[in-house]
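Only one structure is covered here, and it is reproduced in the block below.
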Amino acid sequence: MGRVVSNRMDKTITVLVERRVRHPLYGKYMTRTTKLMVHDGENACSIGDTVRIMETRPLSKKKNWRLVEIVEKVK
């Protein structure tokens, strides 16, 4: 699951995935983010959409993920 932050490329979107991790010494929970290049064959996503993605074979140099479904469209 992640949020679309860019859709300027053709058939590719950039998805921001957030996860909460605990600091090993202090115990404070921190938010870590990862930006992934995701294949969107129909160019269906817009910025702000929440999407579900899955790992796939390498489609290009940096693109190893594909779009499964759009969970929530932005208003």
Side-chain angles (χ1 to χ4, degrees):
M1 296 280 290
R3 190 179 74 239
V4 179
V5 292
S6 172
N7 63 349
R8 289 176 178 258
M9 296 164 278
D10 186 34
K11 297 184 181 179
T12 305
I13 55 175
T14 304
V15 176
L16 187 78
V17 178
E18 294 182 341
R19 58 191 170 88
R20 308 247 314 149
V21 295
R22 186 179 167 125
H23 191 279
L25 178 62
Y26 300 116
K28 179 180 179 178
Y29 283 95
M30 303 173 293
T31 304
R32 295 284 182 223
T33 60
T34 306
K35 287 169 95 174
L36 302 169
M37 307 293 265
V38 178
H39 181 70
D40 177 18
E42 291 89 34
N43 288 323
C45 293
S46 57
I47 295 176
D49 290 350
T50 304
V51 295
R52 187 180 316 278
I53 59 177
M54 73 178 278
E55 195 168 10
T56 185
R57 65 181 177 83
L59 300 170
S60 68
K61 181 180 177 181
K62 294 195 258 180
K63 193 161 56 166
N64 295 327
W65 299 83
R66 70 178 174 88
L67 179 68
V68 175
E69 67 174 329
I70 301 172
V71 177
E72 183 180 352
K73 294 287 280 183
V74 69
K75 299 272 191 250

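Membership of the apolar cluster around M30 extends to V21, as traced through chained side-chain contacts below 4.5 Å between ILVMFWY residues. Side-chain contacts under 4.5 Å among hydrophobic residues (ILVMFWY), followed directly or transitively, place V68 together with M54. Grouped with V5 in one hydrophobic cluster are L16, the linkage being side-chain heavy-atom contacts under 4.5 Å among Ile, Leu, Val, Met, Phe, Trp and Tyr residues. Hydrophobic clustering, defined by side-chain heavy atoms of Ile, Leu, Val, Met, Phe, Trp and Tyr closer than 4.5 Å, groups M37 together with M9.
Among residues two or more places apart in sequence or in another chain, the side chain to side chain contact (heavy atoms under 4.5 Å, CB included) test is passed with R20 by Y29, T31. With sequence neighbours left out, the side-chain hydrogen bond (donor to acceptor under 3.5 Å, both in side chains) criterion links N64 to no other residue.
Evaluation of the salt bridge (charged side-chain N to carboxylate O under 4.0 Å, His left out) test over residues 26-45, restricted to residues two or more places apart or in two chains, returns none. Among residues at least two apart or in separate chains, salt bridge (charged side-chain N to carboxylate O under 4.0 Å, His left out) pairs with a member in residues 57-73 are D49-K73, R52-E69. Every pair tested for ring pair (Phe, Tyr, Trp, His ring centres under 6.0 Å) that includes a residue from residues 36-75 fails, sequence neighbours excluded, so the list is empty.
Note that the CZ atom of R8 and the CD1 atom of I47 stand 6.5 Å from one another [nearest 0.5 Å]. Separating the CG atom in L67 from the OG1 atom in T56 is a distance of 12.0 Å, to the nearest 0.5 Å.
The heavy-atom pair separating V74 from S46 by the smallest distance is CG1-OG, 3.7 Å. Listed here is the closest heavy atom pair of C45 and V51: SG-CG1, 3.8 Å.
Placement of L36 and L59 in two distinct hydrophobic clusters is found when ILVMFWY residues are connected by side-chain heavy-atom separations under 4.5 Å, directly or transitively.
In this model, no donor atom of one side chain and acceptor atom of the other lie less than 3.5 Å apart for N43 and N7.
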